[in-house]
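Nothing here was measured: the structure is a model prediction, and the numbers come from that model. Values below: every heavy atom of this structure, side chains too, minus hydrogens, waters and symmetry copies.
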Amino acid sequence: MNYLFIGFGGIVGALLRYYVGLMVVHKSLAGFPISTLAANLLGCFALGWFTTRVANHKIMRPEIISGLGTGLIGSFTTFSTFSADTMLLIQDNRLGTAFLYVFISLFGGLLLSWAGHRLGEVRHNSKMKGDVS
């Protein structure tokens, strides 16, 4: 049963990433892989929040948590496209752009994952005190 939830979440996550790509391609910055960057940064924030707010506090059934975390968010983000985009930038002798892409992806992803984690903690702690509904 867990596989079905992960598979369904994976389908939805992949479609969402494709949709983000379609939306962002029109705003591309001189060949900078902004759509992959946007999907990965959004995914880092979402997974940071999700693992803190939902998964750690067990407010959903385990198979739904797997479907959303591993399936949906896991397929929404893409390390393979990030790697391929970086290699293409290097092959095009755009080393500065490649470095900037890797730097923003790595440290931006860590920062947004931390921000999502903190948001999950704050909302959970506030709810425990009765401050937030």
Side-chain angles (χ1 to χ4, degrees):
M1 189 60 143
N2 209 22
Y3 297 116
L4 291 176
F5 281 92
I6 292 171
F8 182 73
I11 291 169
V12 173
L15 291 172
L16 286 173
R17 177 162 47 102
Y18 180 73
Y19 184 69
V20 166
L22 290 177
M23 288 178 39
V24 175
V25 160
H26 300 294
K27 298 172 182 153
S28 180
L29 304 171
F32 191 86
I34 195 76
S35 63
T36 304
L37 179 66
N40 284 338
L41 292 177
L42 282 171
C44 287
F45 180 80
L47 194 58
W49 176 82
F50 182 78
T51 55
T52 302
R53 177 76 176 134
V54 177
N56 280 348
H57 300 293
K58 302 185 184 346
I59 57 178
M60 290 182 178
R61 293 176 42 186
E63 51 273 6
I64 295 174
I65 290 172
S66 295
L68 293 173
T70 303
L72 194 148
I73 298 173
S75 70
F76 181 72
T77 59
T78 173
F79 187 74
S80 58
T81 304
F82 160 72
S83 299
D85 287 344
T86 303
M87 288 306 301
L88 289 174
L89 290 170
I90 291 170
Q91 286 176 343
D92 288 345
N93 288 325
R94 299 176 60 197
L95 297 178
T97 303
F99 178 78
L100 181 65
Y101 181 49
V102 170
F103 183 83
I104 293 172
S105 295
L106 178 61
F107 291 104
L110 287 170
L111 179 67
L112 287 174
S113 183
W114 174 81
H117 173 79
R118 292 291 299 152
L119 181 65
E121 280 184 339
V122 168
R123 289 196 49 89
H124 176 72
N125 292 339
S126 296
K127 191 173 183 178
M128 295 295 285
K129 294 177 185 173
D131 296 341
V132 174
S133 60

**Student:** Which side chain to side chain donor-acceptor pair (under 3.5 Å) pairs, counting each pair once, include a residue from residues 82-98, with sequence neighbours left out?
**Tutor:**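 Listed once each, the pairs are Thr36-Asp85, Asp85-Tyr101.
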**Student:** Between atom OH of Tyr18 and atom OG of Ser75, what is the distance when rounded to the nearest 0.5 Å?
**Tutor:**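 Taking OH in Tyr18 and OG in Ser75, the distance rounds to 15.0 Å.
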**Student:** Are Ile6 and Met1 in one and the same hydrophobic cluster, where Ile, Leu, Val, Met, Phe, Trp and Tyr link if side-chain heavy atoms are under 4.5 Å apart?
**Tutor:**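 No, no single cluster joins them.
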**Student:** Scan residues 67-78 for pairs that pass salt bridge (charged side-chain N to carboxylate O under 4.0 Å, His left out), counting only residues two or more places apart or in two chains.
**Tutor:**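 Every pair satisfying salt bridge (charged side-chain N to carboxylate O under 4.0 Å, His left out) with a residue in residues 67-78: there are none.
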**Student:** Once ring pair (Phe, Tyr, Trp, His ring centres under 6.0 Å) is applied, do any residues pair with Phe50, and if so which ones, sequence neighbours excluded?
**Tutor:**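 If we apply the ring pair (Phe, Tyr, Trp, His ring centres under 6.0 Å) test to Phe50, skipping adjacent residues, there are no hits.
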**Student:** May I have the list of side-chain donor-acceptor pairs in residues 7-15 shorter than 3.5 Å, sequence neighbours left out?
**Tutor:**
none

**Student:** Quick check for you: to the nearest 0.5 Å, what is the distance between Phe79 atom CZ and Asn40 atom CG?
**Tutor:**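 It comes to 9.5 Å.
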**Student:** Considering all heavy atoms of both residues, which atom of Phe76 and which atom of Gly43 are nearest to each other, and what is their separation?
**Tutor:**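 It is CE2-N, 3.9 Å.
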**Student:** Sorted by first residue and then second, give each salt bridge (charged side-chain N to carboxylate O under 4.0 Å, His left out) pair with at least one member in residues 32-51; sequence neighbours left out.
**Tutor:**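 For residues 32-51: none.
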**Student:** If hydrophobic clusters are built from ILVMFWY residues whose side chains come within less than 4.5 Å, do Leu106 and Leu112 share one?
**Tutor:**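 Each belongs to a different hydrophobic cluster.
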**Student:** Under the side chain to side chain contact (heavy atoms under 4.5 Å, CB included) rule, collect the residues that match up with Leu111, sequence neighbours excluded.
**Tutor:**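 Leu111: side chain to side chain contact (heavy atoms under 4.5 Å, CB included) contacts with Trp114.
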**Student:** Between Ala115 and Phe45, what is the shortest heavy-atom contact and its length?
**Tutor:**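 Result for this residue pair: C-CE1, 3.8 Å.
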**Student:** Group every Ile, Leu, Val, Met, Phe, Trp and Tyr by side-chain heavy-atom contacts under 4.5 Å, then state whether Ile90 and Leu37 land in the same group.
**Tutor:**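 Each belongs to a different hydrophobic cluster.
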**Student:** When rounded to the nearest 0.5 angstrom, what distance separates CD1 in Ile65 from OG1 in Thr70?
**Tutor:**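 It is 10.0 Å, given to the nearest 0.5 Å.
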**Student:** Check whether any side-chain N or O of Arg53 sits under 3.5 Å from a backbone N or O of Leu119 as a donor-acceptor pair, and report yes or no.
**Tutor:**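 Side chain of Arg53 to backbone of Leu119, a donor-acceptor pair under 3.5 Å: no, none is there.
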**Student:** Measure the OG1-CG distance between Thr52 and Leu47 for me, rounded to the nearest 0.5 Å.
**Tutor:**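 If we round to the nearest 0.5 Å, Thr52:OG1 and Leu47:CG are 9.0 Å apart.
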**Student:** Determine, step by step, whether Arg17 and Val20 satisfy the side-chain contact (heavy atoms from CB on, under 4.5 Å) criterion, reporting the C-alpha distance in whole Å, the side-chain angles of both residues, the deciding distance to 0.1 Å, and the verdict.
**Tutor:** CA-CA 5 Å; Arg17 177 162 47 102; Val20 166; 5.6 Å; no
**Student:** Could you tell me which non-hydrogen atom of Leu89 sits nearest to which non-hydrogen atom of Pro33, and how far apart they are?
**Tutor:**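 Heavy atoms of Leu89 and Pro33 come nearest at CD1-CD, 4.0 Å.
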**Student:** Checking Thr81 now: which residues fulfil side chain to side chain donor-acceptor pair (under 3.5 Å) with it, not counting sequence neighbours?
**Tutor:**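 Side chain to side chain donor-acceptor pair (under 3.5 Å) check on Thr81 returns Thr78.
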**Student:** Please list, chain by chain and in numerical order, all residues satisfying side chain to side chain contact (heavy atoms under 4.5 Å, CB included) with Ile64, sequence neighbours excluded.
**Tutor:**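 Counting only residues at least two positions away or on another chain, Ile64 forms a side chain to side chain contact (heavy atoms under 4.5 Å, CB included) with Phe5, Met60, Arg61, Leu68.
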**Student:** Can you find a pair of side-chain heavy atoms, one from Leu110 and one from Cys44, that are under 4.5 Å apart?
**Tutor:**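 Leu110 vs Cys44: side chains apart.
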**Student:** How long is the straight-line distance from CG of Leu16 back to CG of Leu72, given to the nearest 0.5 Å?
**Tutor:**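 With rounding to 0.5 Å, CG (Leu72) is 6.0 Å from CG (Leu16).
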